[in-house]
Amino acid sequence: MSEPVTALGGASADNGIATLAEAPLQGMITLRGDFTASAVKKAVTSASGAAMPDQGRVTAEGDRALCWMSPDELLLLCPYDAVGETLERMHKTLAKSHALAVNVSDARAMFRVSGAGAREVMAKLSPVDLAPDQFTPGMFRRTRLAQVPAAFWMPEEEAFHIICFRSQAQYVFDVLTVAAQPGSSVGVYQE
């Protein structure tokens, strides 16, 4: 059996206004359901250890997180090698509920953009207001990055995590690289 690998083999770039890095393999489980139903809520919070996120937010506990994707969809992040066991526990809790929990780990890619220019790099590519008083750590957006769908959040100041479809990973890395190229700063978020 072949070993799982990331979409771009750990691609990175650190010669511009921000540091870009493909994240290591990341476990991702999509949960669709009615989040007011106790079994659905229990399945996702017990599997993640994190609280239910509010709209447009991400909550985290250790190496697990819950990302708000839509009113009936959450993305649970967990260690890649824990997806099978986590999904099995969720399915047991959801047995009598109308819900769907699916492993999407190998269908997605994840990147990190960090450094003083990270906010500017992301603002060049997304229609989201990324002003420091408008987009803060813990906020989550499902939107576009240049011409493709993506989701991103700030785990802390000066850092973004980005999730995209695996088939679009090279494109996303390439547009991030162009947006972060040396000399490309426009200084919009500098004081």
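The figures here come from the full heavy-atom set of this structure, side chains too, leaving out hydrogens, waters and symmetry mates.
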**Student:** Distance check, rounded to the nearest 0.5 Å: Gln181 atom CD versus Ile17 atom CD1?
**Tutor:** 9.0 Å
**Student:** Let me confirm one number: the OG1-CZ distance from Thr45 to Phe35, rounded to the nearest 0.5 Å.
**Tutor:** 11.0 Å
**Student:** Give me the atom names and distance for the closest heavy-atom approach of Arg57 to Pro137.
**Tutor:** NH2-O, 3.7 Å
**Student:** Look up atom CG in Asp63 and atom CD in Gln26, then write down how far apart they are to the nearest 0.5 Å.
**Tutor:** 8.5 Å
**Student:** Step by step, work out the side-chain contact (heavy atoms from CB on, under 4.5 Å) result for Trp68 and Thr59.
**Tutor:** CA-CA 9 Å; Trp68 186 92; Thr59 58; over 6 Å; no
**Student:** Would a 4.5 Å heavy-atom cut-off, applied to side chains only, mark Arg141 and Met139 as touching?
**Tutor:** yes
**Student:** Over 60° means perpendicular and under 30° means parallel, so tell me whether Phe135 and Phe160 are parallel, tilted or perpendicular.
**Tutor:** parallel
**Student:** If you compare all heavy atoms of Ser185 against all heavy atoms of Lys124, which two are closest, and at what distance to 0.1 Å?
**Tutor:** N-NZ, 4.4 Å
**Student:** I need the minimum non-hydrogen distance between Ala18 and Gly117, along with the two atoms involved.
**Tutor:** CB-C, 4.0 Å
**Student:** With a 4.5 Å cut-off on side-chain heavy-atom distances among I, L, V, M, F, W and Y, is there a chain of contacts connecting Met52 to Val40?
**Tutor:** yes
**Student:** Can you give me the closest heavy-atom contact between Ala65 and Val58, atom names plus distance?
**Tutor:** CB-CG2, 4.2 Å
**Student:** Which pair of non-hydrogen atoms, one from Leu94 and one from Ala99, has the smallest distance, and what is that distance?
**Tutor:** CD2-CB, 3.9 Å
**Student:** Locate the shortest heavy-atom distance separating Pro53 from Cys67; write the atom from each residue and the value.
**Tutor:** CG-C, 4.4 Å
**Student:** Of Thr86, Leu66, Leu74, which is the lone residue that meets side-chain contact (heavy atoms from CB on, under 4.5 Å) with Ser48?
**Tutor:** Leu66
**Student:** Let me check something: do Phe140 and Val128 share a hydrophobic cluster, defined by ILVMFWY side-chain heavy atoms less than 4.5 Å apart, either directly or through other members?
**Tutor:** no
**Student:** Please determine whether side-chain contact (heavy atoms from CB on, under 4.5 Å) holds for the pair Arg142 and Glu73, giving the CA-CA distance in whole Å, both sets of side-chain angles, and the decisive distance to 0.1 Å.
**Tutor:** CA-CA 11 Å; Arg142 187 175 183 179; Glu73 181 180 2; 3.0 Å; yes
**Student:** Decide whether Leu176 and Val188 are clustered together by the hydrophobic rule: side chain heavy atoms of Ile, Leu, Val, Met, Phe, Trp, Tyr closer than 4.5 Å, transitively.
**Tutor:** yes
**Student:** Side-chain heavy atoms under 4.5 angstrom apart, residues restricted to Ile, Leu, Val, Met, Phe, Trp, Tyr: same cluster for Val186 and Val175?
**Tutor:** yes
**Student:** Got Cys164 and Phe111 here, is their nearest side-chain heavy-atom distance under 4.5 Å?
**Tutor:** yes
**Student:** Side chains of Leu76 and Leu31, heavy atoms from C-beta outward: is any pair under 4.5 Å?
**Tutor:** no
**Student:** With a 4.5 Å heavy-atom cut-off, do Leu87 and His91 have their side chains touching?
**Tutor:** yes
**Student:** Less than 4.5 Å apart, any side-chain heavy atom of Ile163 and any of Leu77?
**Tutor:** yes
**Student:** Would you say that Asp106 contacts Tyr80 through its side chain, given a criterion of any heavy-atom pair below 4.5 Å between the two side chains?
**Tutor:** yes
**Student:** Step by step, work out the salt bridge (charged side-chain N to carboxylate O under 4.0 Å, His left out) result for Glu22 and Arg166.
**Tutor:** CA-CA 11 Å; Glu22 181 184 27; Arg166 185 181 180 101; over 6 Å; no
**Student:** Output side-chain donor-acceptor pairs under 3.5 Å for residues 8-16, partner residues at least two apart or in another chain, one line each.
**Tutor:**
unit_1, atom_1, unit_2, atom_2, d
Asp14, OD1, Thr19, OG1, 2.7

**Student:** Does Glu85 reach the main-chain N or O of Ala82 with its side chain, forming a donor-acceptor pair under 3.5 Å?
**Tutor:** no
**Student:** Any donor and acceptor pair, going by atom type alone, linking the side chain of Arg144 with main-chain N or O of Pro127 inside 3.5 Å?
**Tutor:** no
**Student:** Atom OG of Ser105 and atom CG of Leu25: how far apart are they, to the nearest 0.5 Å?
**Tutor:** 8.5 Å
**Student:** Could you walk me through whether His98 and Asp34 pass the side-chain contact (heavy atoms from CB on, under 4.5 Å) test, one step at a time?
**Tutor:** CA-CA 8 Å; His98 180 70; Asp34 176 1; over 6 Å; no
**Student:** With a sphere of 6.0 Å drawn around CD of Gln147, does it hold more than 12 non-hydrogen atoms of other residues, nucleotides or ligands?
**Tutor:** no
**Student:** Compare all side-chain heavy atoms of Val104 with those of Leu75 and state whether any distance is below 4.5 angstrom.
**Tutor:** yes
**Student:** Do any N or O atoms from the side chain of Arg119 and from the backbone of Leu130 form a donor-acceptor pair under 3.5 angstrom?
**Tutor:** yes
**Student:** For the CG atom of Asp174 and the CG atom of Leu20, what is their distance to the nearest 0.5 Å?
**Tutor:** 10.5 Å
**Student:** Within this structure, what is the CE-CZ distance for the pair Met69 and Arg32, rounded to the nearest 0.5 Å?
**Tutor:** 9.0 Å
**Student:** I want to check something: taking the side chain as every heavy atom from C-beta on, are Pro155 and Arg112 in contact at a cut-off of under 4.5 Å?
**Tutor:** yes
**Student:** Between Val102 and Met28, is there a shared hydrophobic cluster once you connect ILVMFWY residues whose side-chain heavy atoms come closer than 4.5 Å?
**Tutor:** yes
